[in-house]
There are 2 protein chains.
Amino acid sequence: MSASSNIPTPEPAEDGRERRSEETREALIQAGVELFGDYGVQGTTSRMLASASQTNIAAINYHFGSKEGLYLAVAGWIAERMEERLRGARESALKILQEGPPNAETAIRIVSNVIDHVAGLMVDSDEVRTWARIIVREQTKPTLAFDILYRERMEKSQKNLARLIGFAVGIDPTSAEAKIRAHALMGQLLVFAISRESLLRALDTPKLTSAHRHLIRRILKRHVEACLAVKLPDAKPSVI
Amino acid sequence: MSASSNIPTPEPAEDGRERRSEETREALIQAGVELFGDYGVQGTTSRMLASASQTNIAAINYHFGSKEGLYLAVAGWIAERMEERLRGARESALKILQEGPPNAETAIRIVSNVIDHVAGLMVDSDEVRTWARIIVREQTKPTLAFDILYRERMEKSQKNLARLIGFAVGIDPTSAEAKIRAHALMGQLLVFAISRESLLRALDTPKLTSAHRHLIRRILKRHVEACLAVKLPDAKPSVI
DNA sequence: ACTAATAAAACAAACGTTTGAATTAAAACA
DNA sequence: TGTTTTAATTCAAACGTTTGTTTTATTAGT
C-alpha cells in the first residue's frame, strides 16, 4: 500500500523486514503467555519458547535481550489486552458517573454490571484465564512484572471499583473498608479463573457446560448485590 | 528413657539414627514448603533446598528419591497440617449437625463461624499463607501434587461447606448451586491469602495492622452472611 | 552493496542425580 | 562390659545433561 511513497515509513511497514520482525516478536509473546503461565519463568526454557513460537532460540535474546526481558514484555502485553477487554465496561460506568454522584441504587446497578462483565471474562474466556495464570503467579510471589501489571492496569481497576463501592455503600471510596470490600468481591470472581480444576472436580465434569457458566454468573451477580447492601455497624466506620 | 527395655522399639526412637533421619526429612520438608511456594518446583534447585535445610544435596534423593519426590511429600505434609488446623472448626460444626438437620438460622450461624475461622487462617497466619502459595500454584497448573491436596483435604472441606450451605439456603447440598456458592465464598477468603501484595499496595501500607485484619474479618463475616441470605429466583433451581 | 533478521553451532555455568568414602548409632559377639 | 561387626546416614566430589546466552554464518529485504 505504501510502496509508491518514498518517505521512510518507520511505523507500519506493510511488508518486508520490519513486518517479519514484528511477527516474530508477536509469536514469541504469544508463546510466552501460554508457557510462562503454565510453567513459570524458570520452568519455561528458551528452547520451549523457540519451539512453540516456531522461531529460533537466538530470536529471544535478539528481540528481547533475555528470557526475562521477554517475560516483562509478556506482562506489558497482558496489561494492554486487559485494558482493551475492560474498556467497554469502564467507559460506560464512568459516563454515568460524570453526570454527577449516583444514588446508592444506581451505583449498585453499575457495580453489578461491571462485576458481571468481569465475571464473564473469568468464566467464559479461555484467553483471559490464561492471562490470569501469570497474574496469579505474580500475586503470590511478585517480581518485576508485578509492577508492570499493577501500575498499568490493576491499580486503576481497583480504584475505580472502590469508588463505585463507595457510592453504592455510602462510604468514603478511599477508605480501607471500600478497598477491602473491592478486594473481597474481586476474589469471588478470580477464584473461578484460577481454581478451575477444583470446581470441575466438585461438579464432577470434565468441562463447564453453558448451563454451568450461566448459573455461575447468576450466583455471582446476586452475591455481589447482596454484599453491597451490607452496611457495617457503627464502630470504626473507616479505620486507618 | 526406653534404654532398659529390650524390645526393638521400631516406632519412636527417642534418640539415635532414626531420630536424626526424621529431623533431616522434616528440615527438607520445611525448606520445601517455603522454597517450592516461592519459586515453584523448577525454580527451586536442589542446592537451595540443601542450603535452606542445612543438609546435603544428596539427602534429598536419599530420603525422597528425587526433588519431585520431596515436592509430593511437601504436598502430603501440607494436607496433614491443614487437616489439623481445620479440625476444631469442622468437629464443632459436625457435632451440631449430628443433632439433626439444623434450621436455616442455625446453619447460617455455623457457616459464619466456620468461614470466620478459615478467614482467620488466611488473614492472620503467615504459615497458612505460605501453604496457600503451593496450593494456588497447583490450582493454576495441577501436577501429581494436586491429587494429594485435593483428595486428602480440599474435597472434604468443599463437601462439608456445600452441605452447610445447603441447609443455610435451603437447597440440595449436592446441587451445582451449592457447590458453586461454596466456591465463590471460599474465593472471597482465598484472595486475602494470595493477593496480599495487591491489597497492601491498595491500602498503601507495608504490612497489615491488627486494625486492618480485624476490619477484613468483620467485612468477610457480613459479606458471607449476606450471600447466604440470597435465594436464587425460581428458574432452574438446581441445574445439572 | 549493505544491513537487519534468522538460523545453526558452540559456550560456560548450573542443573538433578549418582557415586563412594567418611561417619556413627545399633547389633552381635566375646 | 568392652570390642568388633554391621548397616544406616551424611557428606564432598564428580557425573552427564540441560540451561540461558553468545558467536558465527546464512538469508533476504532495501
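Quick note on labels: first sequence line is chain A, next is B, and so on, each numbered from 1.
Residues passing the side-chain contact (heavy atoms from CB on, under 4.5 Å) test with Ala145(A), sequence neighbours excluded: Tyr71(A), Leu72(A), Ala75(A), Glu138(A), Thr143(A). With sequence neighbours excluded, the residues forming a side chain to side chain donor-acceptor pair (under 3.5 Å) with Lys221(B) are Ser112(B), listed by chain and number. Residues that satisfy the ring pair (Phe, Tyr, Trp, His ring centres under 6.0 Å) test with Tyr39(B), not counting sequence neighbours, are absent from this structure. With sequence neighbours excluded, the residues satisfying side-chain contact (heavy atoms from CB on, under 4.5 Å) with Glu34(A) are Thr130(A). For His223(A), there are no ring pair (Phe, Tyr, Trp, His ring centres under 6.0 Å) partners, not counting sequence neighbours.
Residues from residues 24-39 of chain B lying near DNA chain D, meaning a heavy-atom separation below 4.0 Å, are Thr24(B) in numerical order.
In this entry the distance linking CG of Leu49(A) with C1' of dT21(D) reads 14 Å, nearest Å. For the pair Tyr62(B) OH and dT9(D) C1', the computed distance is 5 Å after rounding to whole Å. If you take CD of Glu22(A) and P of dT6(C), they are 11 Å apart, rounded to a whole angstrom. The distance from atom CG of Leu70(B) to atom P of dG16(C) is 11 Å, rounded to the nearest whole Å. Atom CZ of Arg19(A) is separated from atom P of dA5(C) by 15 Å (rounded to the nearest Å).
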So which protein N/O to nucleotides 17-24 of chain C N/O distances come out below 3.5 Å?
residue, atom, partner, partner atom, Å
dT17(C), OP2, Lys67(B), N, 3.0

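A heavy-atom distance below 4.5 Å is not found between the side chains of Met154(B) and Met186(B).
For residues 40-69 of chain B, no residue pair satisfies the ring pair (Phe, Tyr, Trp, His ring centres under 6.0 Å) rule, not counting sequence neighbours.
For dT10(D), the OP1/OP2 oxygens have a side-chain nitrogen or oxygen of His63(B) closer than 4.0 Å.
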With a 3.5 Å cut-off and sequence neighbours excluded, list the donor-acceptor pairs that the side chains of residues 84-91 of chain A form with protein atoms.
residue, atom, partner, partner atom, Å
Arg85(A), NH2, Glu127(A), OE1, 2.5
Arg90(A), NH2, Glu83(A), OE2, 3.0

